[in-house]
Amino acid sequence: MTRRTVHLAVYDTYADWETGHTTAHLTQNGFTVKTVGLTTDLVTTMGGVRIRPDLALADLDPADSALLILTGASLWDTGDALAPFAARARAFLDAHVPVAAICGATAGLAREGLLDDRAHTSAVSFYLDATGYKGGEHYVDTDAVTDGDLITAGPTEPVAFAREVFARLGVYEGEKLNAWYRLFHDSDPSAYEVLNA
């Protein structure tokens with residue numbers, strides 16, 4: 001992977017806890033995380049943190065990115081304010097650049113038609129069914145799913161989500177990837193030695 005910049009979408013009501021493991025370990029392993037908003041105006045996360053995006057969505061080019069991360073937000077379910085992010089996810093996937101979506105962002109991708117033909121997961125299947133999408137037969141009832149360049153996860157699985165991102169970008173592989181997951185998901189102290197060997 002030659003591109004080492006990951007783009008994290010930020011918007012009002014962004015679920016800030018869903019990507020903490022992902023972004024922290026990406027930056028510790030040589031990636032740069034840049035935030036992207038609809039504009040560069042301040043946004044306020046669900047946790048009350050104020051973020052000024054590094055760039056506006058209109059300026060985001062898949063060719064400049066290793067990955068686009070979309071998190072949950074109540075705005076995904078209250079209108080079309082975040083639809084431009086789902087449209088940009090389509091551009092990323094069309095350019096063969098990975099997209100990782102967790103929680104409500106999966107509903108945005110479903111509305112955009114991006115889950116109709118790909119294996120995916122979310123909070124529960126009927127949450128996505130409410131979007132009117134056509135991908136129900138591809139729904140997998142598990143923590144996180146990777147189908148080619150698309151990663152999806154439910155809202156209670158930020159560690160499984162991070163694991164899939166790390167695997168897709170080659171941050172951790174094999175036993176180190178398994179050890180990272182055991183350490184942060186299962187609190188398995190024996191994994192620490194493997195991860196830091």
Side-chain angles (χ1 to χ4, degrees), residues 1-16 18-23 25-27 29-40 43 51 53-73 75-77 80-122 128 131 133-135 138-140 144-155 157-158 160-171:
M1 172 76 54
T2 55
R3 288 172 286 188
R4 304 293 287 184
T5 300
V6 169
H7 289 92
L8 171 65
V10 294
Y11 22 74
D12 286 330
T13 72
Y14 148 66
D16 35 10
E18 292 178 343
T19 58
H21 289 288
T22 304
T23 56
H25 288 271
L26 286 173
T27 59
N29 285 279
F31 286 83
T32 299
V33 175
K34 290 192 174 182
T35 54
V36 57
L38 283 172
T39 68
T40 56
V43 298
I51 299 172
D54 294 313
L55 72 156
L57 186 61
D59 299 323
L60 178 60
D61 185 341
D64 299 329
S65 188
L67 172 75
L68 173 62
I69 302 173
L70 302 173
T71 68
L75 288 178
W76 285 112
D77 298 318
D80 295 329
L82 301 183
F85 286 99
R88 189 53 52 97
R90 177 179 293 284
F92 267 65
L93 293 171
D94 287 347
H96 306 289
V97 179
V99 172
I102 185 170
C103 189
T106 61
L109 297 187
R111 287 185 197 96
E112 181 68 20
L114 296 175
L115 305 184
D116 288 351
D117 300 311
R118 294 176 172 95
H120 60 276
T121 195
S122 184
L128 294 183
T131 68
Y133 87 130
K134 299 175 178 70
H138 301 290
Y139 186 87
V140 183
V145 172
T146 298
D147 185 338
D149 289 325
L150 179 66
I151 297 165
T152 52
E157 296 300 335
F161 180 70
R163 176 193 60 202
E164 298 301 305
V165 169
F166 301 154
R168 180 62 185 80
L169 297 183
V171 174

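Keep in mind that what you see is a predicted model, and the values were worked out from it rather than measured. Quick note: numbers below take in every heavy atom, side chains included, and nothing from hydrogens, waters or symmetry partners.
The side-chain hydrogen bond (donor to acceptor under 3.5 Å, both in side chains) test applied to D12 returns no partner, not counting sequence neighbours. Residues passing the side-chain hydrogen bond (donor to acceptor under 3.5 Å, both in side chains) test with T13 are S74, sequence neighbours excluded. Under the side chain to side chain contact (heavy atoms under 4.5 Å, CB included) criterion, A83 pairs with D80, sequence neighbours left out. Listed by chain and number, the residues in a side chain to side chain contact (heavy atoms under 4.5 Å, CB included) with A160 are D143, A144, E157, R163, Y181 (sequence neighbours excluded). Every residue two or more places apart in sequence or in another chain that forms a side chain to side chain contact (heavy atoms under 4.5 Å, CB included) with A162 is listed here: H21, T22, F166, W180.
Within the 4.5 Å cutoff, no side-chain heavy atoms of Y14 are placed close to those of V43. Within the 4.5 Å cutoff, side-chain heavy atoms of L55 are placed close to those of H7. Contact of the H138 side chain with the H120 side chain is registered, since non-hydrogen atoms from C-beta on lie closer than 4.5 Å. At a threshold of 4.5 Å between non-hydrogen side-chain atoms, the residues Y139 and T121 count as touching. Side-chain contact between F92 and L60 is present, with heavy atoms from C-beta onward closer than 4.5 Å.
Formation of a donor-acceptor pair under 3.5 Å by the T40 side chain with backbone atoms of A56 is not found in this model.
Within the structure, side chain to side chain donor-acceptor pair (under 3.5 Å) pairs that include any residue of residues 84-108 comprise R90-E112, T106-S122 (at least two apart or interchain).
For the pair H25 and V171, the tightest heavy-atom approach, listed with the atom from each and the gap, is O-CG1, 4.5 Å. Considering all non-hydrogen atoms of both residues, T131 and L128 come closest at OG1-O, 2.6 Å.
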